[in-house]
Structure formats: structure tokens, C-alpha cells
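On a predicted model such as this, the values are computed, not experimentally measured, just so you know. Order of the sequence lines sets the chain letters (A, B, ...), proteins ahead of strands, with each chain counted from 1.
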2 protein chains.
Amino acid sequence: MTTTYSIGELAREFDVTTRTIRFYEDQGLLSPRRRGQTRIYSPADRTTLKLILRGKRLGFSLAESRDLIRMYRPASDNRQQLEALLERIADKRAQLERQLADIRVLQTELDDAEARTRQALTTL
Amino acid sequence: MTTTYSIGELAREFDVTTRTIRFYEDQGLLSPRRRGQTRIYSPADRTTLKLILRGKRLGFSLAESRDLIRMYRPASDNRQQLEALLERIADKRAQLERQLADIRVLQTELDDAEARTRQALTTL
DNA sequence: GGGGAAGTTTACGTTAACGTAAAGTACCTC
DNA sequence: GAGGTACTTTACGTTAACGTAAACTTCCCC
């Protein structure tokens, strides 16, 4: 009763090629079930793909996205590892803060650019 | 009396190599003055470099940054071009909005991840 | 049973964004 | 004037993230 997806369905939904999705699997970012040769994607796989593409829009490398995926799952019971994970999470958070600041600066620069452009238009 | 910078100074300040700065010039993103063979960078050049690096942190390609740089300068008196420019500015703005949304989603996901990790730590 | 349509593997090709190395010039200093 | 430091050009190398093509299987449909 749980929904599943074919590779083509996911490709269409997220506007990527099937090659891209298989490549992500090759890089260890996805590991869908198989029915014979054919890949069967679960809702969790779909969520992972969404996470990867969100990362891409923010300029993350696939290695960074792989890291993000691991953050999103415990996958360890080792104290050392869990504490290291907390640090990596904090680092990512700091990076996102920097990106936020960068976006805000760019937004005001676009404001300026637009104002000057409109000004140039009125003086024609 | 206006301050200038050598390529090495800029490289040190922004933690990039001189090769990178020359590459940006090669791609038409920078065009510093010359004294003989040597490149002399103005404060405006420095600002442009800052803009490029800010774009990089947000995952922009150099082509996108080149576009951004052009947005930031009028460089035209043609009505068509100015109106086209306004559209490109609006597009960029929309892209930044998407990135903002993506960051917010990732931030709450990091919140979740951290909470779960801390929980896993307490149950050791 | 002859096509499509959608899936598969394998493998070589491509582009962006530099890295790296070589070989030379300009200036400063001891 | 020998060496050091910072600059220059030229050119080949490298990595990430796929694109593209070929050759194959599976399933459905008429």
C-alpha cells in the first residue's frame, strides 16, 4: 500500500534526467530497492532526491549533499561520532547563515540596480 | 591619492590564488589597469571581485556573476536593453527568493537533525 | 510477433573553474 | 651582481557533474 516511484516518474517530477538520478546512486546518495533489474523508489528516496536538488540550488557539491543526508539520519551509536556530527551540523548552520547574509547584500544591490535602471529609463 | 591594489594583495585579502583572479579577467569579469605589464586594481575592481566571490558562495556560475556585474552598471541608453535588464533583475530576485526558501527548509532540517542527535546521545 | 515505451549497463565525451609547471621580467637588497 | 620576491605569459592537466550513444531486456499492445 506504500507508494513507490519509477525512475522516469521522479525524473519528470523534478525535471532532471534519469541519467542524473542513476549518477546520484552511483555516488552513493541514493540506494533504491530493485525489482529484478528495475529500480523502485520509496517516498524516503524521493525525499533524499529533493534534498540533493535543494542543495544544488544552493551551490552544494554532491559530497556536501551526501554529508547532509548522513546528518539527517543517526546511523551511529558511537559517542565520538555523534559529537562530531553535532559539529558538522553547526558548521553547516554557519554556512547557511553566511549564505543568508550574502543573499541580503545581493538583494539590496539588485534594489540599487533596479532604481538606477528605472532612472535611466525616465531620462530618455 | 586613490588607493590601488596589487594582484597579490587581493589574493591574500580574499583567500584566492592569483591564478583565479587572472582567470576571472580572462573570462571578462575584471579589467584592471596596467602599469607596463603589471595589473593595478582599483577599489571598483575590488568590489567586483567581492561580488564574484559572493556569487560563488551562492553557487553562481561565472557567467551568472558576469551578468550580475552588468546589472550593476547601466552600460546602455537603449530602451529595449534597459527593459530587458529590468526583467533579468526580476529573474535574479526570484532566484534569490527561492534560495532563501531553500535555506529556511534546510535550517529546520538541521534543527531536526540536531535534536535527534542530542536525543541519541542522552540514550547512551 | 512486430513494434513502441520504459527500463538497464557500459563507456567515452564534455564543460566549468581553476591547478600546476615552466620560463621569463622587474625591482630590491645585501 | 647574486639572490629573493612579486609579477608576467603560455600551456597542459585535473575534477565534478553529468551528456550522449550504443546495445540490450521487458512489458504491453494491436
Side-chain angles (χ1 to χ4, degrees), chain A residues 3-43 45-46 48-70 92 95 98-99 102, chain B residues 3-42 45-46 48-70 92 95 99 102:
Chain A
T3 41
T4 66
Y5 311 88
S6 74
I7 193 169
E9 282 169 349
L10 289 184
R12 248 168 285 131
E13 175 174 3
F14 295 111
D15 196 30
V16 296
T17 67
T18 59
R19 172 68 172 100
T20 295
I21 297 180
R22 289 196 195 96
F23 179 73
Y24 292 161
E25 178 175 352
D26 213 58
Q27 301 299 305
L29 304 182
L30 286 172
S31 27
R33 276 171 38 219
R34 298 273 183 146
R35 191 171 49 198
Q37 290 267 77
T38 305
R39 294 168 173 82
I40 309 283
Y41 294 88
S42 70
D45 292 326
R46 181 171 165 280
T48 300
L49 180 55
K50 253 168 95 167
L51 182 63
I52 299 169
L53 298 177
R54 207 191 320 280
K56 269 201 61 178
R57 288 195 295 272
L58 292 173
F60 292 10
S61 69
L62 293 187
E64 286 176 299
S65 286
R66 181 168 39 224
D67 221 44
L68 259 182
I69 292 168
R70 292 221 195 87
K92 262 303 163 201
Q95 179 187 344
R98 276 193 302 272
Q99 288 192 304
D102 285 328
Chain B
T3 41
T4 64
Y5 312 88
S6 74
I7 193 168
E9 283 169 347
L10 290 184
R12 248 168 286 130
E13 175 175 3
F14 295 112
D15 196 32
V16 297
T17 68
T18 59
R19 172 69 172 98
T20 295
I21 297 180
R22 290 197 194 96
F23 179 73
Y24 293 162
E25 177 176 351
D26 213 60
Q27 301 299 305
L29 304 183
L30 287 172
S31 27
R33 277 172 37 220
R34 298 273 183 147
R35 191 172 48 199
Q37 290 265 77
T38 305
R39 294 169 174 82
I40 309 284
Y41 296 87
S42 70
D45 291 327
R46 181 171 166 281
T48 300
L49 180 55
K50 253 168 96 169
L51 183 63
I52 299 169
L53 298 177
R54 207 192 318 281
K56 268 201 61 179
R57 287 195 296 272
L58 292 174
F60 292 10
S61 69
L62 294 187
E64 286 177 297
S65 287
R66 181 168 38 224
D67 220 43
L68 259 181
I69 293 168
R70 293 221 195 86
K92 262 302 165 202
Q95 180 188 342
Q99 289 191 304
D102 284 328

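- Rounded to a whole Å, the CD1 atom of B/Ile21 is 14 Å from the P atom of D/dA6.
- Under the 4.5 Å side-chain criterion, counting only non-hydrogen atoms from C-beta, B/Ile52 is in contact with B/Ile69.
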Stepwise side-chain hydrogen bond (donor to acceptor under 3.5 Å, both in side chains) check, A/Thr48 with A/Asp45 = CA-CA 5 Å; A/Thr48 300; A/Asp45 292 326; 5.3 Å; no
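- Under the 4.5 Å side-chain criterion, counting only non-hydrogen atoms from C-beta, A/Arg34 is in contact with A/Arg39.
- Using a 4.0 Å heavy-atom distance criterion, B/Thr18 is classed as making no nucleic acid contact.
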Could you run through nucleotides 10-24 of chain C and give me one letter per nucleotide, 5' to 3': B if any protein heavy atom sits under 4.0 Å from the base, S if only the sugar-phosphate is that close, - if neither?
-> -B-----BBBB----
Can you list the steps and then say if B/Tyr41 with B/Ile21 is a side-chain contact (heavy atoms from CB on, under 4.5 Å)?
-> CA-CA 11 Å; B/Tyr41 296 87; B/Ile21 297 180; 3.4 Å; yes
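- When side chains are defined from C-beta on, A/Thr38 does not count as touching A/Ile7, because their heavy atoms never get closer than 4.5 Å.
- Under a 3.5 Å cut-off, the side chain of A/Arg66 and the backbone N or O of A/Gln27 do form a donor-acceptor pair.
- In this structure, the CD1 atom of A/Ile7 is 15 Å from the C1' atom of C/dA5, given to the nearest Å.
- Remark: A/Arg34, A/Gln37, A/Thr38, A/Arg39 in residues 32-43 of chain A come within less than 4.0 Å of DNA chain C through at least one heavy atom.
- Taking each heavy atom of B/Glu9 and B/Thr4 in turn, the nearest pair found is OE1-O, 3.9 Å.
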Show me the donor-acceptor pairs within less than 3.5 Å that the side chains of residues 55-63 of chain A make with the rest of the protein, sequence neighbours left out.
unit_1, atom_1, unit_2, atom_2, d
A/Arg57, NE, B/Asp102, OD2, 2.7
A/Arg57, NH2, B/Asp102, OD1, 2.9
A/Ser61, OG, A/Ala63, N, 3.4
A/Ser61, OG, A/Glu64, N, 3.1

